[in-house]
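In the text below, chain A, chain B and the rest are named by the order of the sequence lines, each starting its count at 1.
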Amino acid sequence: MIAQLPADLLTDLESRGLVAQMSSEDEFRAHMAGGSRTLYSGFDPTADSLHIGHLVPLLALRRFQLAGHKPVALVGGATGMIGDPSFKAAERQLNSTDVISGWVDRLKGQLEQFLDFDCGVNSAVVVNNLDWTKDLSVLDFLRGIGKHFSVNAMIQKESVKQRIEREGSGISFTEFSYMILQSYDFAELYKRYGCTIQIGGSDQWGNITGGIDLARRMHQGHVFGLTLPLVTKSDGQKFGKTESGAVWLDPKKTSPYAFYQFWMNTADADAYKFLQYFTFLPVAEIEAIREEDAAASGRPKAQSVLASEVTRLVHGDAGLLAAARITGALFSGDLSDLTEADFEQLRLDGLPSTKCTSDSLGIVEALVESGLATSNRAAREFLSAGAVTINGKKIVGEEVPINRDAALYNKYIVLKRGKKLFHLLSF
RNA sequence: GGAGGGAUUCCCGAGUGGCUAAAGGGAUCAGACUGUAAAUCUGACGCGCGAGCUUCGGUGGUUCGAAUCCACCUCCCUCCA
């Protein structure tokens, strides 16, 4: 899974298109070349799981670690209580401290699975910024830290500018202070771990440069920042969203199957870029896949390679196997080839499924009960559009009973709505 | 504290007494074409099989009739202090 180390980390990152901005570039390069460095990236608890948007910085930490550097994954127990205003259109609702501390624990566990904590000097560390902020008094904060910040400079930051200038929005003092907290994190990690590099999404540039300045002012430290590009899609839509919302890393929130399918549906125009962003495949290898796809007609390989690689990275070999099993059965195989045990396995693998509550129900009812349609009306609409399939056979009218007789092995019915939404009903 | 502006269906945004389940755009979904891609075209997009029912920040009122008028309340924004 872990590809061979690139000869030069920065060169590799650049050729992958993973570098958006660097602070004092020449010095940064020299710094990187000078030995094993400590770097960090922060992850705020805004939900009970990380999602694929977090994957780029998270995998970047790992890229650095593979290149011999020491990654510090910071969970924002403190910053998560404030809310990062960077490029956000509106003020966010504060979550309760209990909820946030629960999320912190969840995130820690997820972060850990991507890093190596037992590899000697460059073993990873997970920290929580609440540790150094919870006992900070207001006066110490204002005198010791706030004094280093110029409000004039802060309101010039692009990341909060629209909130300040745009009519109809605004920014609370709470969110406005976010930058100071994140800057303090960098200064503190510099002091504690000799951390000299912060990485993050390009939306974090303002916060990162704030930290660079603070580390110098408080500790005379010379530290650096590197930002990763924001993941964009060729059609301009937001990356990482599906019909059912965000794509989570937690298998309980997004099954490995759904996760795999998300990557399978990547547009051609994005697939090779995503291979560079989200996998550890060498650039040359990705280039070879691109050429092969271009030469061949029909379906490209890129999406399936992408789906396999990322699913394995996040859900391991077992998760990938389960996802691939379901995908194979539903999209390429013939359902009648499946054994009874296969169906049971599909259910265990995470194919959405329900157990029928009664022995026989109508097709409309079945569509609603399985969640494939949100209302009877919608269900009828799908039926009249010819969008519904039972065990591979297209349904015409509404008078189709769903019962054991219609089921494979008198037990299983695979409902399909649209091209790629499946549901397993069992009796 | 004062003055003004605003809150519409997922989002943006029209609508200022009946013709409004509410223009238009976006997003989303389905069908066709394909390759589980993109683009394009077609259709759907509150709930109900239907008659119809429930919606326009909240509560009450005026009216035969209200998203539209009145009162109070909540929240947001701008300017002044």
Side-chain angles (χ1 to χ4, degrees), chain A residues 85 88-94 162-175 232-247 255-275 289-290 292-308 310-311 323-335 351-352 361-365 367-368 370-389 392 394-400 414-423:
Chain A
K88 299 282 190 314
E91 186 85 11
R92 285 194 286 174
Q93 196 69 41
L94 291 177
Q162 59 162 3
R163 283 282 289 283
I164 290 168
E165 290 174 356
R166 188 186 157 209
E167 191 165 326
S169 67
I171 185 167
S172 65
F173 179 72
T174 308
E175 285 197 5
T232 55
K233 295 210 299 179
S234 57
D235 59 7
Q237 285 171 29
K238 204 164 156 54
F239 168 77
K241 289 280 194 257
T242 66
E243 188 192 353
S244 45
V247 179
S255 72
Y257 162 66
F259 188 85
Y260 182 92
Q261 282 296 320
F262 168 81
W263 296 104
M264 277 302 279
N265 282 296
T266 303
D268 290 5
D270 295 322
Y272 306 95
K273 181 170 81 175
F274 288 1
L275 280 168
I289 293 172
R290 185 204 299 272
E292 197 183 319
D293 284 346
S297 63
R299 208 184 156 140
K301 258 176 76 182
Q303 282 89 343
S304 57
V305 173
L306 177 66
S308 301
V310 188
T311 305
R325 260 198 305 251
I326 300 177
T327 297
L330 298 180
F331 288 91
S332 45
D334 187 341
L335 289 173
L351 175 63
L361 60 168
I363 179 69
V364 172
E365 201 181 346
L367 284 168
V368 174
S370 62
L372 291 180
T374 49
S375 69
N376 292 1
R377 247 176 79 89
R380 293 198 166 88
E381 227 170 86
F382 289 133
L383 286 166
S384 65
V388 181
T389 280
K394 186 175 270 194
I395 299 304
V396 192
E398 292 179 18
E399 306 306 313
V400 183
V414 176
L415 271 176
K416 176 180 163 203
R417 187 215 83 199
K419 284 196 183 68
K420 42 202 176 190
L421 213 52
F422 295 87
H423 196 94

If you measure from the [atom1] atom in [N] to the same atom in [M], how many Å do you get, rounded?
N	M	atom1	result
B:rA22	B:rA14	C1'	10 Å
B:rG57	B:rG15	P	15 Å
B:rG5	B:rG50	P	44 Å
B:rC45	B:rA30	C1'	10 Å
B:rA71	B:rU63	C1'	16 Å
B:rG17	B:rG24	C1'	23 Å
B:rC11	B:rG65	P	31 Å
B:rA23	B:rA51	C1'	27 Å

Expressed as a whole number of angstroms, how long is the span from [X]:[atom1] to [N]:[atom2]?
X	N	atom1	atom2	result
A:Phe382	B:rU28	CZ	C1'	10 Å
A:Leu383	B:rA30	CG	P	14 Å
A:Lys416	B:rC29	NZ	C1'	15 Å

Exercise for the section: Could you tell me which residues satisfy side chain to side chain contact (heavy atoms under 4.5 Å, CB included) with A:Thr232, sequence neighbours excluded, listed by chain and number? Expected result: A:Lys273
Fill in the blank from the handout: Residues at least two apart in sequence or cross-chain that pass side chain to side chain contact (heavy atoms under 4.5 Å, CB included) with A:Arg299, listed by chain then number, are A:Met264
Exercise for the section: May I ask you to verify if any side-chain N or O of A:Arg299 is less than 4.0 angstrom from the OP1 or OP2 atom of B:rU34? Expected result: no
Give none if [N] has no partner; otherwise give the nucleotide forming a Watson-Crick or G-U wobble pair with it, both distances under 3.5 Å.
N	result
B:rU59	B:rA71
B:rC45	none
B:rU40	B:rA32
B:rG1	B:rC80
B:rA21	none
B:rC10	B:rG26

Exercise for the section: Sequence neighbours left out, what passes ring pair (Phe, Tyr, Trp, His ring centres under 6.0 Å) with A:Phe422? Give chain and number order. Expected result: A:Phe331
Considering only nitrogen or oxygen atoms on both sides, find all protein atoms under 3.5 Å from nucleotides 37-41 of chain B and state each distance.
residue : atom : partner  : partner atom : Å
B:rA37  : OP1  : A:Lys420 : NZ           : 3.2
B:rA37  : O2'  : A:Asp268 : N            : 3.3

For [X], side chain to side chain donor-acceptor pair (under 3.5 Å) partners two or more places apart:
X	value
A:Glu398	A:Arg380
A:Lys420	A:Asn265
A:Ser384	none

Exercise for the section: Determine whether the side chains of A:Glu365 and A:Asn376 contain a donor N or O and an acceptor N or O closer than 3.5 Å. Expected result: no
Exercise for the section: May I ask you to test the A:Leu330-A:Leu351 pair for a side-chain heavy-atom distance under 4.5 Å? Expected result: yes
Problem - 5′-ward residue of the pair A:Gly298/A:Val388 relative to RNA chain B - result: A:Val388
Exercise for the section: Hey, can you tell me if A:Trp263 and A:Phe239 have their rings parallel, tilted or perpendicular (30° and 60° cut-offs)? Expected result: tilted
Exercise for the section: Go along nucleotides 45-50 of chain B 5' to 3' and tag each nucleotide: B for a protein heavy atom under 4.0 Å from its base, S when only backbone or sugar atoms are that close, - otherwise. Expected result: S-SBS-
Practice task
Could I get the full list of salt bridge (charged side-chain N to carboxylate O under 4.0 Å, His left out) partners for A:Lys301, not counting sequence neighbours?
Solution key: A:Glu292
